[in-house]
Amino acid sequence: MSYYAEQLPAEQFIRIYRSYLVAVTKINVLTESHLEVPGQTLPIGRKYQNQVFGQLKVRHLLRSPQA
């Protein structure tokens, strides 16, 4: 997967999990633990969270669920 991640434009694709690369333009919903693209809900690995939120620059928009 690393090979493919290096071949794709970093501003258009993001690695969200060990085995998932996602086109940024396809992301419909983003939470701290997963994202949704058309027809799929995909997990965001803890290892990749900082990279995902840093690249998308939206971490400040996310809220923790109220208990």
Side-chain angles (χ1 to χ4, degrees):
M1 188 61 70
S2 295
Y3 170 79
Y4 295 108
E6 292 172 8
Q7 301 302 311
L8 296 168
E11 64 278 356
Q12 296 177 17
F13 291 87
I14 190 164
R15 191 164 184 184
I16 63 163
Y17 202 78
R18 193 171 36 150
S19 55
Y20 292 116
L21 283 168
V22 175
V24 173
T25 58
K26 298 295 183 181
I27 298 171
N28 293 330
V29 175
L30 178 66
T31 72
E32 290 199 26
S33 61
H34 74 275
L35 58 79
E36 293 179 16
V37 295
Q40 296 267 322
T41 298
L42 303 171
I44 299 173
R46 287 185 185 185
K47 177 180 174 182
Y48 298 96
Q49 284 179 341
N50 287 338
Q51 176 189 347
V52 169
F53 299 127
Q55 183 173 339
L56 299 176
K57 296 180 174 89
V58 295
R59 187 159 181 77
H60 67 279
L61 298 176
L62 299 174
R63 295 185 199 173
S64 298
Q66 297 293 330

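Worth knowing before you read on, the calculation uses all heavy atoms, side chains too, and leaves out hydrogens, waters and symmetry mates.
- A distance of 4.5 Å separates CD1 of I14 from CG of L56, quoted to the nearest 0.5 Å.
- Grouping Ile, Leu, Val, Met, Phe, Trp and Tyr by side-chain contacts under 4.5 Å, direct or through others, puts Y3 with M1, Y4, L8, F13, L21.
- Scored by the side chain to side chain contact (heavy atoms under 4.5 Å, CB included) test, S33 finds T31 as partners (sequence neighbours excluded).
- Rounding to the nearest 0.5 angstrom, the gap separating the CD1 atom in I44 from the CD atom in Q51 is 11.0 Å.
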Practice problem: List the steps and the verdict of side-chain contact (heavy atoms from CB on, under 4.5 Å) for V24 and Q12. | Solution: CA-CA 5 Å; V24 173; Q12 296 177 17; 5.8 Å; no
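- In this structure Y17 satisfies the ring-ring contact (aromatic ring centres under 6.0 Å, His included) test together with Y20, sequence neighbours excluded.
- Residues in residues 22-52 take part in no ring pair (Phe, Tyr, Trp, His ring centres under 6.0 Å) pair, two or more places apart or across chains.
- Applying the side-chain hydrogen bond (donor to acceptor under 3.5 Å, both in side chains) rule to T25 yields no partners; only residues at least two apart in sequence or on another chain are considered.
- Annotation for Q55 and A10: closest pair NE2-O, 2.5 Å, computed over non-hydrogen atoms.
- A search for side chain to side chain contact (heavy atoms under 4.5 Å, CB included) contacts involving K47 returns nothing, not counting sequence neighbours.
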